Amino acid sequence: MTATSQPLAAQLAEVALTAAEYESLITRLGRTPNRVELGIVGATWSEHCSYKTSKSLLRTLPTTGDAVLQGPGENAGAVDIGDGLACVFKIESHNHPSAIEPYQGAATGVGGILRDIFTMGARPIALLDSLRFGLIGEPHQRHLFDGVVAGVGGYGNCIGVPTVGGELYFDEAYTGNCLVNAMCVGVVEHAKLMRAAAAGPGNAVLLVGADTGRDGIHGASFASVRLDSSSEERRPAVQVGNPFLEKCLMEACLELAGDPRVIAMQDLGAAGLTGSASELAHRGGCGMQIDVAAVARRERGMTPYEVMLSESQERMLLVVPPEDVAAIQSTFDRWDLHSDVIGTIIEAPLLVIRDGDERVAELPLDLVVDGAPERAPASRRPAVDADLAADPAASFPALDAADLLLHLLRSPNIGSRRPVFRRYDHQVGDGTVVGPGGDAALVRVPGTTTALALTTDGNGRYSALDPARGAAIAACEAARNVVATGARPVAATNCLNFGDPERAEVYWALQQAVRGLSEACEALGLPIVSGNVSLYNESEGNAIDPTVVVGVVGLLRDVSRHCTVAFQEEDDLIALVGPMRSELGGSELQRIVFGTNTGPRPALDLDLERRVQGMVTDAIERGLLRSAHDLAEGGLMVAIAESCLAAGVGARIGIEGLDARRQVGGRAAGILFGESQSRFLVSFAREALVQLHELSAQWDVPIHGLGAVGGRSIALTGMLDVPLADAEAAYEGALVHG
């Protein structure tokens with residue numbers, strides 16, 4: 001094996017390594033790496049694979065709990081849900097590929113997160129997404145939006161896994177870098193839970209699925225650089241998906257889940273064969289030798305470098321005893337899947353790459369997997385803007401309350417997501433109890449009376465004002481979404497989307513966000529069992545707002561006792577559980593009226609949050625509530641309108657202490673449309689009133705009576721009276737008209 005001379009700066013840029021990292025590699029290796037070795041290290045040392053900037057921060061997150069079967073470090077997290085079953089789930093990003101090629105970027109993001117779940121032996125039962133774009137009225141943003149939605153729906157629909165929920169947000173902060181985060185949830189018997197740790201020198205390494213092509217080369221590196229005017233040249237780094245092939249791969253792998261002849265299984269995702277092989281061997285404390293000449297290819301003339309770094313989709317790596325290879329291959333044959341023995345497990349902890357008789361690379365696995373020098377960038381809090389301390393309510397002009405409500409309902413950040421989820425098959429598999437459109441989806445656990453409540457949530461506008469508070473709010477709101485169904489939150493997954501961490505203000509925001517996320521999850525008893533960090537989300541020097549997306553899974557033991565956002569019965573009482581505050585900082589109303597994001601972020605009392613969630617969970621379990629809805633964007637009046645529209649019935653509301661004026665501003669605007677935290681809108685039969693007040697006293701949680709369900713309008717005494725038809729037209733047209 002001959003070493004090459006020091007690469008040019010262009011070669012380092014190609015694999016996204018810095019000069020300092022290259023010097024570290026030479027020092028630790030004791031020689032100059034050749035081109036194949038440099039490509040391997042560039043991929044595995046990328047931010048996307050190594051977490052070299054965020055690793056030290058992630059160690060501070062809570063990851064353990066009584067129900068946790070598998071925390072971070074595997075393909076996905078797993079928690080016990082009773083009946084001998086585990087729920088396996090994770091969220092990941094596919095931001096940069098989606099910005100270049102929205103359909104395939106989103107589709108292969110879905111394909112990748114699906115493989116993370118079924119490689120652990122779990123059958124995927126639900127998909128969710130979290131999407132962010134620039135303003136929808138701009139043609140390029142509409143192009144990205146349409147392409148991403150088509151990609152998510154196209155892959156999920158074809159493979160037969162329902163897309164049951166998610167979130168969607170439009171803001172100028174994402175103009176140069178859209179965010180596409182995908183979450184998958186699966187179920188598996190405890191005994192069939194698979195791990196990706198190779199073992200047994202002499203065991204065969206089996207590559208199954210699609211033939212290898214040149215698509216996706218440098219995909220992991222691409223995810224670890226900024227977008228700029230040259231990013232279009234990286235279009236070949238975007239993978240191309242085939243959901244029909246993945247369906248066969250999924251069914252074959254699930255057939256083998258728990259089979260003792262399969263020692264380990266690992267999907268080929270970021271860094272392709274390089275990432276899969278090195279992680280699989282390193283977790284098992286052994287080594288692996290691969291012969292790239294044995295890898296089936298769909299393109300001619302591919303080099304070892306291209307074979308090792310290709311991120312062609314729908315591929316899986318298995319470790320199997322030599323005597324069982326034929327039997328395992330016969331399973332894949334029945335699913336029309338090609339498979340080849342491409343390597344062997346070796347005792348020495350090395351990654352050895354051969355091309356027939358020629359050895360083309362040899363690297364220590366600890367260097368490949370854990371060798372990336374951890375970064376500790378400079379951290380600097382941004383200069384405090386005087387506007388951040390000023391309460392927007394103080395200068396908020398008096399405006400017509402009905403007009404404000406209609407403006408909010410037609411906002412693309414609040415209005416109906418029907419144009420999105422009607423493109424997703426959310427009923428395939430016949431397990432969806434509550435689909436998209438509410439606070440959280442409910443999916444039945446096959447063969448039981450149990451359901452899983454699933455949601456994703458986040459708000460970059462809060463984090464732009466205060467990264468720690470914004471991240472904490474994301475976790476609390478995701479948990480509230482689950483609680484609103486009647487389920488108890490069990491565990492969380494997260495995707496941390498930030499700009500260039502080498503900028504001191506961005507790294508400070510990342511530090512603060514992890515701190516806030518950790519504090520909130522500790523307070524709620526919510527372990528984070530999996531996740532993803534996506535950095536360098538910026539274009540031409542403009543970073544996205546710090547955006548923490550949190551996915552939460554909750555458990556509902558009796559699916560028949562679930563709640564939805566919709567009011568149920570005429571004359572039911574309506575109440576607000578939680579504080580009645582006036583806060584407009586970071587709100588959608590402030591964005592619509594002023595076009596700004598200023599003022600103090602919403603207050604958050606984590607102990608109050610815990611108590612509010614506990615009271616609502618208790619009330620639903622006792623059968624006291626007929627509906628429950630988390631208050632989020634648009635505040636109290638938007639929540640009332642959403643519950644009315646979901647039921648097709650009006651509401652008659654009165655709020656004590658507000659002057660009955662149609663023109664509202666200042667404190668009144670904050671009470672009606674502010675986004676204060678730790679609050680639910682609930683409805684219930686009149687005979688439950690006494691018990692609910694007793695429960696509120698027991699949990700030390702405020703409850704405010706608001707009015708009753710009924711009529712054909714949304715009426716607030718002396719302040720507004722909006723016909724349901726007008727509210728529905730505004731709400732349903734939000735994404736159509738943009």
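Quantities reported herein were computed from a predicted structural model and do not represent experimental measurements.
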_In the structure I gave you, are the side-chain heavy atoms of Tyr462 and Arg469 within less than 4.5 Å of one another anywhere?_
no
*asked:* With a 3.5 Å distance limit and no angle check, can you tell me whether Thr485 reaches the backbone of Val482 through a side-chain donor-acceptor pair?
replied: yes
_Note, Asp83 side chain near Val445 side chain (heavy atom, < 4.5 Å)_ = no
*Closest approach of Cys495 to Ile91 (non-hydrogen atoms, all atoms of both residues)*: N-CG2, 3.8 Å
*Is any side-chain heavy atom of Leu604 closer than 4.5 Å to a side-chain heavy atom of Ser678?*
yes
*asked:* In the structure I gave you, are the side-chain heavy atoms of Ile81 and Thr450 within less than 4.5 Å of one another anywhere?
replied: no
*So Thr547 and Tyr174, side chain to side chain donor-acceptor pair (under 3.5 Å) or not? Walk me through it.*
CA-CA 10 Å; Thr547 306; Tyr174 306 101; 2.7 Å; yes
*asked:* Test of understanding: with side-chain hydrogen bond (donor to acceptor under 3.5 Å, both in side chains), list the residues that count as partners of Arg488, not counting sequence neighbours.
replied: Glu621
*Nearest non-hydrogen partners of Leu524 and Ala475, listed with the distance*: CD1-O, 4.4 Å
*Side-chain (Ser696) to main-chain (Pro702) donor-acceptor, under 3.5 angstrom*: no
*Basic-acidic side-chain contact under 4.0 Å: Glu167, Arg132*: yes
*Backbone N or O of Val559 within a donor-acceptor pair of the His562 side chain at under 3.5 Å?*
yes
*Would Thr598 and Gln590 count as having a side-chain donor-acceptor pair, cut-off 3.5 Å?*
yes
*Output, in order, the C-alpha distance, side-chain angles, deciding distance and verdict of side-chain contact (heavy atoms from CB on, under 4.5 Å) for Val490 and Cys87.*
CA-CA 10 Å; Val490 175; Cys87 174; over 6 Å; no
*Is the closest side-chain heavy-atom distance between Leu589 and Leu404 below 4.5 Å?*
yes
_Step-by-step side chain to side chain donor-acceptor pair (under 3.5 Å) determination, Glu609 to Gln613_ = CA-CA 6 Å; Glu609 179 74 39; Gln613 291 190 24; 2.7 Å; yes
_Nearest-0.5 Å distance, NE2 of residue His407 to CD1 of residue Ile592_ = 8.0 Å
*Heavy-atom check, side chain of Phe89 versus side chain of Ile125, under 4.5 Å*: no
_Under a 3.5 Å distance rule, please check whether Asn532 uses its side chain to pair with a backbone N or O of Ser93 as donor and acceptor._
yes
*Provide the closest heavy-atom pair for Gly525 versus Pro527 in the form atom of the first, atom of the second, distance.*
O-CD, 3.4 Å
*Test side-chain contact (heavy atoms from CB on, under 4.5 Å) on Leu716 and Ile640 and set out the steps.*
CA-CA 10 Å; Leu716 176 59; Ile640 292 170; over 6 Å; no
*Which pair of heavy atoms, one from Leu409 and one from Ala727, lies closest together, and at what distance?*
CD1-CB, 3.8 Å
*Can you tell me if CG on Asp430 sees more than 12 non-hydrogen neighbours from other groups inside 6.0 Å?*
no
*Taking atom CG of Asp607 as the centre, does the number of heavy atoms from other residues, nucleotides or ligands within less than 6.0 Å exceed 12?*
yes
*So, does Ser463 use its side chain to make a donor-acceptor pair with the main chain of Gly460 at under 3.5 Å?*
no
*Okay, side chain of Glu569, backbone of Ala685: is any donor-acceptor separation there less than 3.5 Å?*
no
*Between the main-chain N or O of Asp129 and the side-chain N or O of Thr456, is there a donor-acceptor pair closer than 3.5 Å?*
yes
*Look at the side chain of Asp466 and the backbone N and O of Arg601, then say whether any donor-acceptor pair between them is shorter than 3.5 Å.*
no
_Which atom of Leu658 lies closest to which atom of Arg667, heavy atoms considered_ = CD2-NH1, 3.9 Å
*Check whether any side-chain heavy atom of His704 lies under 4.5 Å from a side-chain heavy atom of Glu656, and answer yes or no.*
no
*Provide the closest heavy-atom pair for Gln568 versus Arg626 in the form atom of the first, atom of the second, distance.*
CG-O, 3.2 Å
*Counting heavy atoms not belonging to Arg686, are there more than 12 under 6.0 Å from its CZ?*
yes
*Is there a donor-acceptor contact under 3.5 Å from the side chain of Gln677 to the main chain of Pro602?*
no
_N/O donor-acceptor pair under 3.5 Å between Thr717 side chain and Ala660 backbone_ = no
*Option from Leu692, Val682, Asp618, Val616 for which side chain to side chain contact (heavy atoms under 4.5 Å, CB included) with Leu624 holds*: Leu692
*Does any non-hydrogen side-chain atom of Arg423 lie less than 4.5 Å from one of Thr163?*
no
*For side chain to side chain donor-acceptor pair (under 3.5 Å), just list the numbers for Asn413 and Glu588, CA-CA rounded to whole Å, side-chain angles, deciding distance to a tenth of an Å, and then say yes or no.*
CA-CA 8 Å; Asn413 292 330; Glu588 184 68 8; 3.3 Å; yes
